[in-house]
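Beneath this line is the structure, given in structure tokens, with notes to follow.
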Amino acid sequence: MSATIDSKLPAIALSLVSHTNAGKTTLARTLLGRDVGTIRDEPHVTEYADVYEMVRTENGDVLLLWDTPGFGDSVRLARRLRQAEQPIGWFLTQVWDRFRDRPLWSTQQAVRNVRDEADVVLYLVNAAESPQAATYVVPEMEVLAWIGKPVVVLLNQLGPPGDAAAEAADVERWRAHLAGHRQVHAVLPLDAFARCWVQELTLMRVIEEALQGEARARMVRLAQAWRARREAVFDAAASALAGSLARTAAARVALPEAATISERLKRLGTSIGALAGGKPAPAAEAAAQELARQWDDEVRQSTAELIALHGLAGEAQGEILQQLAGGTELRLRVDEGRAALWGGVVTGALAGLKADLASGGLTLGGGMLAGGLLGALGAAGVARGVNLVRGTRQSWASWNVDALRQMLQAAMLRYLAVAHFGRGRGDWHPTETPASWREAVAAVAVEHAPSLDPLWTLRSGGRTASSDGSVADAIQALQVALQPPLRAMLRAVLERLYPQTSD
């Protein structure tokens, strides 16, 4: 059932029309963000024109979307209309039987809606067909020309997001095919199953340009309200992902000291650098598995949050990247009682600390060397310094920066998957990531790495001897710090994928 709309409101009305079974109701669900109408894979499912409110401004402007019955036997219809002196007037005065001549009856309902209600017509075509194969388009364009309303052609059913050049070529083919129809104001890609919100902003701008006078001014306000709604979801999604990444970065799993020290010291040899190499002890393996389990839970939770923010339903699926199984960063507490073991390996300690810093460790080496303390402290002092600066009383494991970089890219890919999921597809479910997304995300991540990498050190902010802050404080600080660059990275990815939509 459609909403009850006050006809006296200052509204802009959009009529969704197309050949029957081209996906009007599916696209309506995607634009509205809720289930409306009935969807079946058969012609003439929509029987009457139904109206829905898309957005409303504080001034009371309303943007309405009409879902109309599909055009039926377009070739027969156009042939008959050409014989009439006043084609549309004649057509609407005829009485077509709803059951015995359903194609013309449905078409009549669509034509009446466009003539009486529409400010702009949104005409869908099945982009899976070539323009030459879609023989119904030309006669339907002829009918719309007789009505005289501006038409925006939307290419629907483009399939999963793919090569931008191929999509641009599809758009250009349809533009060339429709070039002779003066009422066609624009041709845009807007798939009901895999569109992105930035494409909707382009649609709103094109509708503005198709209108004149007060109608255009009203549409400007409505487009601003629509954009504000979509931007709010985008900002909330970036904040949610930043929080998820902050929690993951700050995650630590303690290792049993007795097992860890005894097992790892056997493997140390003469260099602290060996901490990062060799086969990990059973306790370390268990810690890595626990980190992976926690990350799986985090992925599920954050994906579910993204799904809810975008008005979708569905169960989030955990996606553990196998290459992250070895991405743990071991932090081993050195028992001061065994500090004599370190006496002959201070040189090795420097190499090990340097390696630790390169893999995302804290600024232990830099801080101690800057103070000129390493030589003065001796073996026991080094052990105490490790415990003190690491801010822990026992050994622990966490994700290293290399792993966090990959997790950041995975988070952006999950955002794209949810943000492109058209409501017409039903409940959200994970799908294969297009190669173009992975390439765009990887390129943007490389560009932003210099400014982003230093932020990971904030994960230790509440756990040093000189601070009484909490883990929650560190997570909050990192989330706040991550939001601006993450938001900028997501925008940069969208601009790469949809350069024609950028302002």
Side-chain angles (χ1 to χ4, degrees), residues 240-255 260 264 273 275-303 318-333 352-353 355-364 386 389-392 394-415 441-442 445-446 448-449 451-464 470-483 485-486 489:
L241 288 176
S244 176
L245 289 166
R247 289 189 294 272
T248 300
R252 292 183 177 182
V253 176
L255 286 81
T260 303
R264 293 300 283 171
L275 288 176
K279 177 177 172 54
E285 290 179 342
Q289 291 175 6
E290 174 60 18
L291 280 173
R293 186 198 66 77
Q294 291 181 14
W295 189 58
D296 181 64
D297 289 343
E298 184 61 50
V299 168
R300 293 173 187 271
Q301 176 183 332
S302 64
T303 305
E319 299 176 7
I320 291 294
L321 302 180
Q322 294 301 317
Q323 62 266 36
L324 291 176
T328 50
E329 180 179 0
L330 292 177
R331 290 284 189 268
L332 298 182
R333 172 183 173 308
L353 291 173
D356 182 47
L357 288 171
S359 67
L362 307 182
T363 55
L364 168 62
V386 171
V389 178
R390 297 289 172 82
T392 180
Q394 68 177 121
S395 305
W396 48 270
S398 70
W399 296 110
N400 62 33
V401 169
D402 286 337
L404 292 172
R405 290 180 187 134
Q406 295 182 61
M407 290 174 173
L408 173 66
Q409 293 189 39
M412 290 195 290
L413 289 170
R414 280 187 285 121
Y415 167 78
V441 165
V446 169
H448 286 76
S451 61
L452 190 66
D453 281 354
L455 299 181
W456 299 121
T457 60
L458 294 174
R459 58 179 164 162
S460 63
R463 288 175 283 187
T464 66
S470 66
V471 175
D473 292 334
I475 292 173
Q476 177 64 23
L478 182 53
Q479 179 179 6
V480 171
L482 282 173
Q483 283 184 46
L486 181 56
M489 292 172 75

Verify, without hydrogens or angle tests, whether S244 (side chain) and A240 (backbone) share a donor-acceptor contact under 3.5 angstrom.
no
Closest non-hydrogen atom pair between [X] and [Y], with its separation:
X: L478; Y: A246; answer: CD2-CA, 3.7 Å
X: L404; Y: W399; answer: CD2-CB, 4.1 Å
X: L452; Y: M489; answer: CD2-SD, 4.0 Å
X: P485; Y: L455; answer: CG-CD1, 3.9 Å
X: Q409; Y: A442; answer: OE1-CA, 3.6 Å
X: A477; Y: L458; answer: O-CD1, 4.2 Å

Looking at [atom1] of [X] and [atom2] of [Y], how far apart are the two atoms once the value is rounded to the nearest 0.5 Å?
X: T248; Y: M407; atom1: OG1; atom2: CE; result: 6.0 Å
X: L241; Y: T303; atom1: CG; atom2: OG1; result: 8.0 Å
X: M412; Y: L486; atom1: CE; atom2: CG; result: 7.0 Å

